[in-house]
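Each remark here refers to the structure printed beneath this line.
Because the structure is predicted, anything quoted here is derived from the model rather than measured. Residue numbers count from 1 along this sequence. We count ligands from 1, going down the list as the structure has it; atoms in each ligand are counted the same way.
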Amino acid sequence: MTEIQTLPTRPIEGQKPGTSGLRKKTAVFRQTPYLENYVQAIFEGIGGIEGQVLVVGGDGRYFNDRAIGVILRMAAAHGAARCIVGRGGLLSTPAASHLIRSRKADGGLILSASHNPGGPEADFGLKYNGPNGGPASESVTEKIFARTRDLQHYLIWSGEAPDISRLGTASLGAMEVEVIDPIGDYADLMARLFDFDAIRGLIAGGFRLRFDAMHAITGPYAQEILERRLGAPAGSVVNGTPLPDFGGGHPDPNPIWAHELMAAMHAPNAPDFGAASDGDGDRNMIVGRGCYVSPSDSLAVLADLAHLAPGYAQGLKGVARSMPTSCAVDRVAEAKGIACYETPTGWKFFGTLLDAGRATLCGEESAGTGSDHVREKDGLWAVLLWLNILAVTGKSVAALMADHWARYGRNYYSRHDYEEVDAAAATALIDDLRARLPELAGARFGALAVARADEFAYDDPVDGSHAAGQGLRVFFENGARVVFRLSGTGTAGATLRVYLESLETDPEKLHQDPQDALAEVIMAADAIAGIAARTGRAAPDVVT
Ligand code: G16
(Lines give C-alpha, C1' and ligand atoms only; values in the text may rest on other atoms or scores of the structure.)
Protein backbone atom coordinates (compact mmCIF):
# COMPACT_ATOMS: atom_id res chain seq x y z
CA MET A 1 0.00 0.00 0.00
CA THR A 2 1.32 3.43 -0.91
CA GLU A 3 1.43 5.98 1.84
CA ILE A 4 3.17 8.98 3.31
CA GLN A 5 6.38 7.89 4.96
CA THR A 6 8.05 9.90 7.71
CA LEU A 7 11.72 8.95 7.56
CA PRO A 8 14.23 9.95 10.23
CA THR A 9 17.17 12.13 9.21
CA ARG A 10 19.84 14.34 10.71
CA PRO A 11 21.03 17.82 9.70
CA ILE A 12 23.75 17.81 7.04
CA GLU A 13 26.53 20.39 7.24
CA GLY A 14 26.94 23.01 4.54
CA GLN A 15 23.49 23.14 2.93
CA LYS A 16 23.81 26.90 2.66
CA PRO A 17 22.39 28.40 -0.55
CA GLY A 18 24.94 30.55 -2.42
CA THR A 19 24.45 33.28 -5.04
CA SER A 20 21.78 31.16 -6.70
CA GLY A 21 20.48 28.20 -4.69
CA LEU A 22 22.43 25.21 -3.41
CA ARG A 23 25.17 23.99 -5.76
CA LYS A 24 27.29 20.96 -4.92
CA LYS A 25 29.02 18.07 -6.60
CA THR A 26 26.51 15.67 -8.16
CA ALA A 27 27.97 12.86 -6.05
CA VAL A 28 27.06 14.82 -2.92
CA PHE A 29 23.47 15.41 -4.06
CA ARG A 30 23.10 11.72 -4.96
CA GLN A 31 23.86 10.52 -1.44
CA THR A 32 20.49 9.90 0.19
CA PRO A 33 19.24 11.87 2.10
CA TYR A 34 21.18 14.95 0.86
CA LEU A 35 18.54 16.01 -1.67
CA GLU A 36 15.69 14.86 0.58
CA ASN A 37 16.97 16.99 3.47
CA TYR A 38 17.26 20.09 1.33
CA VAL A 39 13.82 19.68 -0.22
CA GLN A 40 12.33 19.14 3.26
CA ALA A 41 14.11 22.31 4.43
CA ILE A 42 12.70 24.25 1.46
CA PHE A 43 9.15 23.07 2.14
CA GLU A 44 9.45 23.86 5.85
CA GLY A 45 11.39 27.11 5.29
CA ILE A 46 8.67 28.59 3.07
CA GLY A 47 6.01 27.71 5.61
CA GLY A 48 4.66 24.48 4.08
CA ILE A 49 3.16 23.68 0.67
CA GLU A 50 -0.22 22.24 1.56
CA GLY A 51 -2.72 22.91 -1.24
CA GLN A 52 -0.07 24.71 -3.32
CA VAL A 53 0.71 24.57 -7.02
CA LEU A 54 4.43 24.23 -7.81
CA VAL A 55 6.39 24.30 -11.05
CA VAL A 56 9.20 21.74 -11.25
CA GLY A 57 11.85 21.46 -13.95
CA GLY A 58 15.54 21.60 -14.66
CA ASP A 59 18.26 21.91 -17.24
CA GLY A 60 18.40 18.17 -17.96
CA ARG A 61 21.80 17.58 -16.45
CA TYR A 62 22.74 14.19 -15.02
CA PHE A 63 20.48 13.28 -12.03
CA ASN A 64 17.77 15.77 -13.14
CA ASP A 65 15.21 13.02 -13.77
CA ARG A 66 15.79 11.07 -10.56
CA ALA A 67 15.87 14.23 -8.46
CA ILE A 68 12.52 15.29 -9.93
CA GLY A 69 11.08 11.91 -8.96
CA VAL A 70 12.13 12.51 -5.34
CA ILE A 71 10.79 16.09 -5.37
CA LEU A 72 7.39 14.96 -6.72
CA ARG A 73 7.11 12.22 -4.10
CA MET A 74 8.01 14.68 -1.35
CA ALA A 75 5.63 17.34 -2.68
CA ALA A 76 2.82 14.76 -2.66
CA ALA A 77 3.67 13.77 0.91
CA HIS A 78 3.61 17.43 1.96
CA GLY A 79 0.11 17.90 0.57
CA ALA A 80 0.79 19.96 -2.58
CA ALA A 81 -2.27 20.15 -4.82
CA ARG A 82 -0.45 20.04 -8.14
CA CYS A 83 3.01 20.01 -9.67
CA ILE A 84 3.44 21.35 -13.19
CA VAL A 85 6.44 19.63 -14.77
CA GLY A 86 8.19 20.22 -18.09
CA ARG A 87 8.12 17.11 -20.30
CA GLY A 88 11.14 14.96 -19.53
CA GLY A 89 11.74 17.16 -16.47
CA LEU A 90 13.06 19.92 -18.74
CA LEU A 91 12.48 23.63 -18.30
CA SER A 92 14.90 26.44 -18.99
CA THR A 93 15.20 28.74 -15.98
CA PRO A 94 13.46 31.69 -17.73
CA ALA A 95 10.71 29.36 -19.03
CA ALA A 96 10.19 28.08 -15.47
CA SER A 97 9.93 31.66 -14.24
CA HIS A 98 7.39 32.44 -16.94
CA LEU A 99 5.38 29.32 -16.12
CA ILE A 100 5.20 30.20 -12.41
CA ARG A 101 3.85 33.62 -13.36
CA SER A 102 1.51 32.62 -16.19
CA ARG A 103 -0.02 29.73 -14.21
CA LYS A 104 -0.13 31.81 -11.02
CA ALA A 105 1.69 29.01 -9.21
CA ASP A 106 2.82 29.40 -5.60
CA GLY A 107 6.44 28.87 -6.55
CA GLY A 108 8.81 26.45 -8.21
CA LEU A 109 11.80 24.20 -7.79
CA ILE A 110 14.45 24.65 -10.46
CA LEU A 111 17.13 21.99 -10.80
CA SER A 112 20.30 23.46 -12.25
CA ALA A 113 23.89 24.32 -11.55
CA SER A 114 23.65 26.81 -14.41
CA HIS A 115 26.93 27.19 -16.28
CA ASN A 116 28.78 24.60 -14.18
CA PRO A 117 29.60 21.32 -15.97
CA GLY A 118 27.21 18.37 -15.54
CA GLY A 119 27.67 14.61 -15.05
CA PRO A 120 28.33 12.17 -12.22
CA GLU A 121 31.71 13.81 -11.50
CA ALA A 122 30.49 17.37 -12.05
CA ASP A 123 27.90 19.68 -10.48
CA PHE A 124 24.23 19.73 -9.55
CA GLY A 125 22.01 22.36 -8.00
CA LEU A 126 18.55 23.18 -6.73
CA LYS A 127 16.83 26.45 -5.98
CA TYR A 128 13.43 27.67 -4.93
CA ASN A 129 11.65 30.49 -6.78
CA GLY A 130 8.72 32.32 -5.26
CA PRO A 131 5.27 33.23 -6.63
CA ASN A 132 6.69 36.21 -8.58
CA GLY A 133 8.75 33.68 -10.57
CA GLY A 134 12.05 34.95 -9.18
CA PRO A 135 14.75 33.42 -7.00
CA ALA A 136 13.90 33.41 -3.31
CA SER A 137 15.01 36.51 -1.43
CA GLU A 138 17.85 36.44 1.10
CA SER A 139 15.40 36.29 3.99
CA VAL A 140 13.71 33.18 2.54
CA THR A 141 17.00 31.43 1.76
CA GLU A 142 18.11 32.15 5.32
CA LYS A 143 14.97 30.46 6.65
CA ILE A 144 15.62 27.46 4.40
CA PHE A 145 19.21 27.28 5.61
CA ALA A 146 18.05 27.50 9.22
CA ARG A 147 15.74 24.52 8.65
CA THR A 148 18.61 22.44 7.18
CA ARG A 149 20.33 22.74 10.56
CA ASP A 150 17.47 21.40 12.55
CA LEU A 151 15.90 18.56 10.58
CA GLN A 152 14.71 15.41 12.33
CA HIS A 153 12.74 13.75 9.53
CA TYR A 154 11.50 14.13 6.00
CA LEU A 155 8.20 13.17 4.36
CA ILE A 156 8.06 11.19 1.14
CA TRP A 157 5.32 9.32 -0.73
CA SER A 158 6.23 5.66 -0.82
CA GLY A 159 4.94 4.98 -4.38
CA GLU A 160 6.76 5.62 -7.65
CA ALA A 161 6.52 9.06 -9.27
CA PRO A 162 4.54 9.08 -12.54
CA ASP A 163 6.20 8.92 -15.96
CA ILE A 164 7.04 12.51 -16.96
CA SER A 165 8.16 11.74 -20.49
CA ARG A 166 4.62 12.14 -21.87
CA LEU A 167 2.23 15.09 -21.83
CA GLY A 168 -0.87 14.75 -19.64
CA THR A 169 -2.00 14.63 -16.05
CA ALA A 170 -1.47 11.78 -13.58
CA SER A 171 -1.95 11.56 -9.86
CA LEU A 172 0.43 10.81 -7.06
CA GLY A 173 -1.71 10.25 -3.97
CA ALA A 174 -3.97 13.28 -3.79
CA MET A 175 -1.56 15.44 -5.83
CA GLU A 176 -1.86 15.97 -9.57
CA VAL A 177 1.22 15.88 -11.77
CA GLU A 178 0.66 17.82 -14.96
CA VAL A 179 3.30 17.29 -17.64
CA ILE A 180 3.42 20.22 -20.08
CA ASP A 181 5.28 21.18 -23.26
CA PRO A 182 8.21 23.23 -21.91
CA ILE A 183 8.64 25.34 -25.05
CA GLY A 184 5.36 26.58 -26.58
CA ASP A 185 4.29 29.13 -23.94
CA TYR A 186 7.76 30.60 -23.73
CA ALA A 187 8.06 30.92 -27.52
CA ASP A 188 4.63 32.65 -27.59
CA LEU A 189 5.82 35.14 -24.96
CA MET A 190 8.86 35.98 -27.11
CA ALA A 191 6.60 36.46 -30.15
CA ARG A 192 4.59 39.02 -28.15
CA LEU A 193 7.67 41.00 -27.08
CA PHE A 194 9.55 41.12 -30.37
CA ASP A 195 8.85 41.98 -33.99
CA PHE A 196 9.10 38.48 -35.43
CA ASP A 197 8.11 39.75 -38.91
CA ALA A 198 11.06 42.15 -38.96
CA ILE A 199 13.48 39.45 -37.77
CA ARG A 200 12.05 36.98 -40.30
CA GLY A 201 12.58 39.61 -43.01
CA LEU A 202 16.17 40.16 -41.92
CA ILE A 203 16.90 36.44 -42.08
CA ALA A 204 15.07 36.00 -45.40
CA GLY A 205 17.28 38.77 -46.79
CA GLY A 206 20.39 36.63 -46.25
CA PHE A 207 21.43 37.61 -42.72
CA ARG A 208 23.19 34.57 -41.26
CA LEU A 209 23.21 33.60 -37.60
CA ARG A 210 24.75 30.87 -35.49
CA PHE A 211 23.38 29.99 -32.08
CA ASP A 212 25.49 27.64 -29.95
CA ALA A 213 23.29 25.88 -27.39
CA MET A 214 26.37 24.15 -25.90
CA HIS A 215 24.41 20.86 -25.64
CA ALA A 216 22.30 22.46 -22.93
CA ILE A 217 18.67 23.32 -22.36
CA THR A 218 18.19 26.11 -24.93
CA GLY A 219 18.75 23.84 -27.94
CA PRO A 220 15.07 22.87 -28.41
CA TYR A 221 13.90 26.43 -27.55
CA ALA A 222 16.29 27.95 -30.09
CA GLN A 223 15.35 25.44 -32.77
CA GLU A 224 11.65 26.24 -32.29
CA ILE A 225 12.10 30.02 -32.20
CA LEU A 226 15.07 30.75 -34.48
CA GLU A 227 14.68 27.98 -37.03
CA ARG A 228 10.95 27.13 -37.09
CA ARG A 229 9.31 30.45 -36.26
CA LEU A 230 11.90 32.91 -37.64
CA GLY A 231 13.08 30.90 -40.64
CA ALA A 232 16.80 30.56 -39.90
CA PRO A 233 18.09 27.62 -41.97
CA ALA A 234 18.26 24.24 -40.21
CA GLY A 235 21.70 23.96 -38.63
CA SER A 236 21.80 27.61 -37.54
CA VAL A 237 21.42 26.19 -34.02
CA VAL A 238 24.51 24.13 -33.27
CA ASN A 239 25.07 21.71 -30.37
CA GLY A 240 21.29 21.81 -30.04
CA THR A 241 20.64 18.47 -28.35
CA PRO A 242 20.61 18.73 -24.54
CA LEU A 243 22.89 16.07 -23.05
CA PRO A 244 23.17 15.05 -19.38
CA ASP A 245 26.87 15.99 -19.37
CA PHE A 246 26.58 18.82 -21.94
CA GLY A 247 28.77 16.72 -24.25
CA GLY A 248 31.60 16.91 -21.74
CA GLY A 249 31.72 20.68 -22.19
CA HIS A 250 31.44 23.61 -19.85
CA PRO A 251 28.14 25.32 -20.74
CA ASP A 252 29.29 28.82 -19.84
CA PRO A 253 28.85 31.32 -22.68
CA ASN A 254 32.09 33.28 -22.59
CA PRO A 255 34.98 33.53 -25.05
CA ILE A 256 36.89 30.76 -23.26
CA TRP A 257 34.21 28.09 -23.01
CA ALA A 258 32.39 29.07 -26.21
CA HIS A 259 35.66 29.13 -28.18
CA GLU A 260 34.10 27.16 -31.07
CA LEU A 261 31.63 30.00 -31.61
CA MET A 262 34.36 32.62 -31.22
CA ALA A 263 36.45 30.84 -33.88
CA ALA A 264 33.47 30.64 -36.25
CA MET A 265 32.69 34.34 -35.76
CA HIS A 266 36.28 35.39 -36.45
CA ALA A 267 36.76 33.11 -39.49
CA PRO A 268 36.57 34.31 -43.10
CA ASN A 269 32.94 34.22 -44.23
CA ALA A 270 31.74 34.34 -40.61
CA PRO A 271 27.99 34.62 -39.99
CA ASP A 272 26.56 38.09 -39.26
CA PHE A 273 25.54 37.22 -35.73
CA GLY A 274 26.60 34.63 -33.18
CA ALA A 275 25.18 33.84 -29.76
CA ALA A 276 25.41 31.21 -27.06
CA SER A 277 23.54 30.34 -23.92
CA ASP A 278 24.37 28.39 -20.77
CA GLY A 279 23.31 25.17 -19.03
CA ASP A 280 19.90 26.41 -17.89
CA GLY A 281 19.31 29.06 -20.57
CA ASP A 282 19.46 32.24 -18.53
CA ARG A 283 22.86 33.55 -19.67
CA ASN A 284 23.81 34.82 -23.10
CA MET A 285 26.84 35.75 -25.14
CA ILE A 286 26.61 38.03 -28.18
CA VAL A 287 29.20 38.11 -30.98
CA GLY A 288 29.11 40.00 -34.23
CA ARG A 289 31.31 39.16 -37.20
CA GLY A 290 34.79 39.63 -35.73
CA CYS A 291 33.31 41.52 -32.78
CA TYR A 292 32.71 40.13 -29.27
CA VAL A 293 30.28 42.20 -27.20
CA SER A 294 31.01 42.25 -23.48
CA PRO A 295 27.94 41.55 -21.30
CA SER A 296 28.18 45.02 -19.74
CA ASP A 297 28.25 46.67 -23.18
CA SER A 298 25.39 44.46 -24.32
CA LEU A 299 23.29 45.68 -21.39
CA ALA A 300 24.08 49.31 -22.27
CA VAL A 301 23.20 48.88 -25.97
CA LEU A 302 19.98 47.03 -25.14
CA ALA A 303 18.99 49.74 -22.65
CA ASP A 304 19.69 52.39 -25.31
CA LEU A 305 17.74 50.73 -28.11
CA ALA A 306 15.12 48.45 -26.48
CA HIS A 307 12.36 50.84 -27.57
CA LEU A 308 12.85 49.51 -31.12
CA ALA A 309 11.15 46.26 -30.03
CA PRO A 310 7.35 46.30 -29.64
CA GLY A 311 7.41 45.01 -26.05
CA TYR A 312 9.51 48.03 -24.97
CA ALA A 313 8.16 50.70 -27.33
CA GLN A 314 6.90 52.70 -24.35
CA GLY A 315 10.48 53.15 -23.11
CA LEU A 316 12.06 51.88 -19.91
CA LYS A 317 10.98 52.72 -16.36
CA GLY A 318 14.50 52.30 -15.12
CA VAL A 319 17.50 49.98 -15.35
CA ALA A 320 19.51 48.01 -12.82
CA ARG A 321 22.92 46.39 -12.84
CA SER A 322 24.91 44.39 -10.33
CA MET A 323 27.70 46.38 -8.68
CA PRO A 324 30.63 44.69 -10.48
CA THR A 325 28.95 45.23 -13.89
CA SER A 326 30.50 48.13 -15.81
CA CYS A 327 28.99 51.59 -15.55
CA ALA A 328 28.27 51.75 -19.31
CA VAL A 329 24.52 51.43 -18.70
CA ASP A 330 24.61 54.23 -16.12
CA ARG A 331 25.38 56.82 -18.79
CA VAL A 332 22.59 55.53 -21.03
CA ALA A 333 20.18 55.88 -18.09
CA GLU A 334 21.47 59.36 -17.41
CA ALA A 335 20.97 60.40 -21.04
CA LYS A 336 17.44 59.02 -20.99
CA GLY A 337 16.66 60.55 -17.62
CA ILE A 338 15.68 57.21 -16.05
CA ALA A 339 16.76 55.64 -12.76
CA CYS A 340 19.75 53.30 -12.61
CA TYR A 341 20.05 50.96 -9.60
CA GLU A 342 23.24 49.25 -8.42
CA THR A 343 22.58 45.95 -6.65
CA PRO A 344 24.72 43.12 -5.22
CA THR A 345 25.58 40.16 -7.44
CA GLY A 346 22.66 37.71 -7.70
CA TRP A 347 19.53 38.02 -9.81
CA LYS A 348 17.40 37.77 -6.66
CA PHE A 349 18.31 41.39 -5.86
CA PHE A 350 16.53 42.65 -9.01
CA GLY A 351 13.20 41.08 -8.01
CA THR A 352 11.88 43.86 -5.81
CA LEU A 353 12.79 46.55 -8.38
CA LEU A 354 11.04 44.63 -11.17
CA ASP A 355 7.98 43.87 -9.03
CA ALA A 356 7.69 47.51 -7.96
CA GLY A 357 7.91 48.73 -11.57
CA ARG A 358 11.09 50.69 -10.85
CA ALA A 359 13.24 48.86 -13.41
CA THR A 360 12.37 47.35 -16.79
CA LEU A 361 15.80 46.05 -17.83
CA CYS A 362 18.46 44.45 -15.63
CA GLY A 363 21.85 42.99 -16.36
CA GLU A 364 25.09 41.62 -15.06
CA GLU A 365 28.67 41.26 -16.16
CA SER A 366 28.27 37.49 -15.71
CA ALA A 367 26.45 37.28 -19.07
CA GLY A 368 22.94 37.79 -17.76
CA THR A 369 20.41 40.25 -19.13
CA GLY A 370 16.67 40.28 -18.70
CA SER A 371 13.57 42.36 -18.24
CA ASP A 372 10.31 42.48 -16.37
CA HIS A 373 8.79 39.82 -18.69
CA VAL A 374 10.02 37.18 -16.19
CA ARG A 375 11.97 37.29 -12.92
CA GLU A 376 15.12 35.56 -14.15
CA LYS A 377 17.74 36.59 -16.63
CA ASP A 378 16.94 35.23 -20.05
CA GLY A 379 19.47 34.13 -22.67
CA LEU A 380 17.20 33.75 -25.71
CA TRP A 381 15.34 36.95 -24.83
CA ALA A 382 18.62 38.89 -25.09
CA VAL A 383 19.42 37.22 -28.42
CA LEU A 384 15.98 38.13 -29.79
CA LEU A 385 16.21 41.74 -28.58
CA TRP A 386 19.56 42.03 -30.36
CA LEU A 387 18.08 40.52 -33.53
CA ASN A 388 15.10 42.89 -33.32
CA ILE A 389 17.45 45.89 -33.01
CA LEU A 390 19.64 44.67 -35.88
CA ALA A 391 16.54 44.16 -38.06
CA VAL A 392 15.17 47.64 -37.37
CA THR A 393 18.47 49.55 -37.66
CA GLY A 394 19.88 47.51 -40.54
CA LYS A 395 23.32 47.90 -38.94
CA SER A 396 25.94 45.27 -38.13
CA VAL A 397 26.87 44.43 -34.53
CA ALA A 398 30.26 46.11 -35.00
CA ALA A 399 28.65 49.28 -36.38
CA LEU A 400 26.20 49.44 -33.46
CA MET A 401 29.05 49.10 -30.99
CA ALA A 402 31.10 51.80 -32.74
CA ASP A 403 28.07 54.14 -32.67
CA HIS A 404 27.50 53.41 -28.99
CA TRP A 405 31.09 54.08 -27.94
CA ALA A 406 31.28 57.23 -30.06
CA ARG A 407 28.22 58.59 -28.30
CA TYR A 408 28.78 57.44 -24.72
CA GLY A 409 32.48 56.63 -24.51
CA ARG A 410 33.71 53.09 -23.89
CA ASN A 411 33.94 51.38 -20.51
CA TYR A 412 36.80 48.99 -21.14
CA TYR A 413 35.95 46.01 -19.02
CA SER A 414 37.24 42.58 -18.14
CA ARG A 415 36.80 39.99 -15.41
CA HIS A 416 39.72 37.80 -14.37
CA ASP A 417 38.78 34.58 -12.57
CA TYR A 418 41.15 32.48 -10.49
CA GLU A 419 39.33 29.18 -10.08
CA GLU A 420 39.63 26.44 -7.46
CA VAL A 421 42.01 28.53 -5.41
CA ASP A 422 42.76 27.24 -1.92
CA ALA A 423 39.75 28.49 0.08
CA ALA A 424 41.81 29.64 3.06
CA ALA A 425 44.23 31.61 0.84
CA ALA A 426 41.34 33.29 -0.99
CA THR A 427 39.56 34.21 2.24
CA ALA A 428 42.80 35.59 3.69
CA LEU A 429 43.35 37.71 0.57
CA ILE A 430 39.90 39.27 0.94
CA ASP A 431 40.13 39.66 4.73
CA ASP A 432 43.53 41.35 4.58
CA LEU A 433 42.45 43.68 1.80
CA ARG A 434 39.28 44.56 3.70
CA ALA A 435 41.43 45.55 6.68
CA ARG A 436 43.62 47.76 4.48
CA LEU A 437 40.77 49.55 2.65
CA PRO A 438 40.78 52.62 4.93
CA GLU A 439 44.50 53.24 4.21
CA LEU A 440 44.29 52.93 0.44
CA ALA A 441 43.03 56.43 -0.43
CA GLY A 442 45.93 58.44 -1.82
CA ALA A 443 48.18 55.40 -2.46
CA ARG A 444 49.72 55.13 -5.93
CA PHE A 445 50.02 51.94 -7.96
CA GLY A 446 52.05 52.68 -11.09
CA ALA A 447 50.31 55.48 -12.92
CA LEU A 448 47.11 55.12 -10.90
CA ALA A 449 46.24 56.90 -7.66
CA VAL A 450 43.49 55.57 -5.39
CA ALA A 451 40.63 58.03 -4.83
CA ARG A 452 38.68 55.87 -2.37
CA ALA A 453 38.07 52.25 -1.41
CA ASP A 454 35.18 50.53 0.37
CA GLU A 455 33.15 47.35 0.80
CA PHE A 456 29.86 47.42 -1.07
CA ALA A 457 26.65 47.09 0.94
CA TYR A 458 23.10 47.46 -0.34
CA ASP A 459 19.88 48.78 1.11
CA ASP A 460 16.97 47.62 -1.02
CA PRO A 461 14.93 50.74 -1.82
CA VAL A 462 11.70 48.73 -2.01
CA ASP A 463 11.69 46.39 0.98
CA GLY A 464 14.43 48.04 3.04
CA SER A 465 16.47 44.85 3.43
CA HIS A 466 20.21 45.24 3.96
CA ALA A 467 22.94 43.13 2.32
CA ALA A 468 26.47 43.61 3.63
CA GLY A 469 29.83 42.27 2.46
CA GLN A 470 29.11 42.39 -1.27
CA GLY A 471 32.55 43.06 -2.75
CA LEU A 472 35.65 45.21 -2.17
CA ARG A 473 35.91 48.24 -4.44
CA VAL A 474 38.90 50.40 -5.24
CA PHE A 475 38.22 53.58 -7.23
CA PHE A 476 41.07 55.43 -8.95
CA GLU A 477 41.31 59.15 -9.54
CA ASN A 478 41.03 58.75 -13.33
CA GLY A 479 37.65 57.02 -12.94
CA ALA A 480 39.00 53.46 -13.30
CA ARG A 481 37.83 50.83 -10.83
CA VAL A 482 38.75 47.37 -9.60
CA VAL A 483 36.43 45.10 -7.60
CA PHE A 484 37.39 41.95 -5.72
CA ARG A 485 34.94 39.30 -4.56
CA LEU A 486 34.65 35.56 -4.06
CA SER A 487 32.16 33.71 -6.24
CA GLY A 488 29.08 32.24 -4.58
CA THR A 489 28.41 29.63 -7.25
CA GLY A 490 31.50 27.39 -7.28
CA THR A 491 31.60 23.88 -5.82
CA ALA A 492 35.35 23.33 -5.32
CA GLY A 493 37.79 25.56 -3.44
CA ALA A 494 37.21 29.29 -3.97
CA THR A 495 36.94 31.35 -7.14
CA LEU A 496 38.44 34.82 -6.87
CA ARG A 497 36.81 37.27 -9.25
CA VAL A 498 38.66 40.48 -10.15
CA TYR A 499 36.54 42.97 -12.09
CA LEU A 500 38.47 45.63 -14.01
CA GLU A 501 37.09 48.75 -15.62
CA SER A 502 38.22 52.05 -17.07
CA LEU A 503 36.34 54.69 -19.06
CA GLU A 504 37.75 55.98 -22.36
CA THR A 505 36.20 58.93 -24.14
CA ASP A 506 39.03 59.83 -26.57
CA PRO A 507 37.60 59.01 -30.03
CA GLU A 508 41.06 57.85 -31.14
CA LYS A 509 41.23 55.19 -28.42
CA LEU A 510 37.87 53.44 -28.62
CA HIS A 511 38.97 50.33 -30.51
CA GLN A 512 41.74 48.77 -28.42
CA ASP A 513 42.00 45.25 -27.04
CA PRO A 514 40.44 45.53 -23.54
CA GLN A 515 43.42 43.72 -21.95
CA ASP A 516 45.75 46.38 -23.39
CA ALA A 517 43.47 49.25 -22.45
CA LEU A 518 43.24 47.87 -18.91
CA ALA A 519 46.93 47.01 -18.48
CA GLU A 520 47.54 49.60 -15.76
CA VAL A 521 44.42 48.62 -13.83
CA ILE A 522 45.40 44.94 -14.06
CA MET A 523 48.85 45.70 -12.64
CA ALA A 524 47.38 47.83 -9.89
CA ALA A 525 44.92 45.06 -8.94
CA ASP A 526 47.75 42.60 -8.46
CA ALA A 527 49.80 45.11 -6.48
CA ILE A 528 46.84 45.96 -4.24
CA ALA A 529 45.75 42.42 -3.45
CA GLY A 530 48.93 40.38 -4.03
CA ILE A 531 47.01 37.97 -6.25
CA ALA A 532 49.95 36.14 -7.78
CA ALA A 533 51.81 35.83 -4.48
CA ARG A 534 48.78 34.64 -2.48
CA THR A 535 47.17 32.31 -5.01
CA GLY A 536 50.36 31.02 -6.59
CA ARG A 537 48.79 31.70 -9.99
CA ALA A 538 50.73 33.54 -12.69
CA ALA A 539 47.59 34.25 -14.73
CA PRO A 540 43.81 33.98 -14.40
CA ASP A 541 42.03 30.80 -15.52
CA VAL A 542 39.23 32.66 -17.26
CA VAL A 543 39.31 36.13 -18.79
CA THR A 544 36.01 37.53 -19.98
C1 G16 B 1 24.20 33.33 -10.77
C2 G16 B 1 23.41 34.54 -10.33
C3 G16 B 1 23.96 35.77 -10.98
C4 G16 B 1 25.43 35.91 -10.70
C5 G16 B 1 26.16 34.66 -11.13
C6 G16 B 1 27.61 34.67 -10.73
O7 G16 B 1 24.00 33.12 -12.13
O8 G16 B 1 22.04 34.40 -10.64
O9 G16 B 1 23.26 36.87 -10.49
O10 G16 B 1 25.97 37.03 -11.36
O11 G16 B 1 25.57 33.53 -10.52
O12 G16 B 1 27.69 34.70 -9.35
P13 G16 B 1 29.06 34.49 -8.60
O14 G16 B 1 29.94 35.63 -9.07
O15 G16 B 1 28.72 34.57 -7.15
O16 G16 B 1 29.63 33.17 -9.03
P17 G16 B 1 23.77 31.66 -12.71
O18 G16 B 1 23.69 31.84 -14.20
O19 G16 B 1 24.98 30.88 -12.27
O20 G16 B 1 22.52 31.17 -12.08
Going by the 4.0 angstrom heavy-atom rule, the piece of Thr93 near ligand 1 is neither
re atom 10 (O) of ligand 1, the protein heavy-atom contact at minimum distance is Ser366 OG, 2.7 Å
The protein heavy atom nearest to atom 1 (C) of ligand 1 is Lys377 NZ, 3.8 Å
Checking heavy atoms under 4.0 Å, the part of Ser487 that sits near ligand 1 is both
Taking atom NZ of Lys143 as the centre, does the number of heavy atoms from other residues, nucleotides or ligands within less than 6.0 Å exceed 12? no
Geometric cation-pi criterion Arg66 and Tyr62, 6.0 Å radius, 45° cone: yes
Counting from 1 in the order shown, the ligand 1 atoms closer than 4.0 Å to a non-hydrogen atom of Gly488 are 13 (P), 15 (O), 16 (O)
Value for CZ (Arg375) from CG (Asp355), rounded to nearest 0.5 Å, stands at 4.5 Å
Of all protein heavy atoms, the one nearest atom 20 (O) of ligand 1 is Arg23 NH2, 2.8 Å
- Task: Check whether more than 12 heavy atoms from other residues, nucleotides or ligands sit under 6.0 Å from atom CZ of Arg436, and answer yes or no.
- Result: yes
Atom 9 (O) of ligand 1 has as its nearest protein heavy atom Glu364 OE1, 2.6 Å
ring-ring contact (aromatic ring centres under 6.0 Å, His included) pairs touching residues 93-133, sequence neighbours excluded, are Phe29-Phe124, Phe63-Phe124
Ala75 meets the side chain to side chain contact (heavy atoms under 4.5 Å, CB included) criterion, sequence neighbours left out, with Phe43, Ile49, Ala80, Cys83, Met175
Taking only non-hydrogen atoms of Arg497 and a 4.0 Å limit, the atoms of ligand 1 in range are 13 (P), 14 (O), 16 (O)
Open item on the list: Tell me whether Thr19 has any N or O atom under 3.5 angstrom from an N or O of ligand 1.
Closed with: yes
| query | Judging by distance only, is a nitrogen or oxygen of Arg485 under 3.5 angstrom from one on ligand 1? | reply | yes
With a 4.0 Å cut-off on heavy atoms, is Glu376 touching ligand 1?
no
Assign the ring pair Trp381 / His373 to parallel, tilted or perpendicular, where the plane angle (0 to 90°) is split at 30° and 60°.
parallel
Among His115, Arg415, Arg283, closest by heavy atom to atom 6 (C) of ligand 1 is Arg283
For Gly346 and ligand 1, answer yes if some heavy atom of the residue is under 4.0 Å from a ligand atom, otherwise no. yes
Residue, atom and distance of the protein heavy atom nearest atom 17 (P) of ligand 1 read Ser114 OG, 3.1 Å
The reported gap from CG in Asp212 to OG in Ser277 (rounded to nearest 0.5 angstrom) is 10.0 Å
Partner of Asn284 under side chain to side chain donor-acceptor pair (under 3.5 Å), picked from Asp278, Thr369, Asp378, Thr218, is Thr369
In this structure, atom 11 (O) of ligand 1 is nearest to the protein heavy atom Thr489 CG2, 3.3 Å
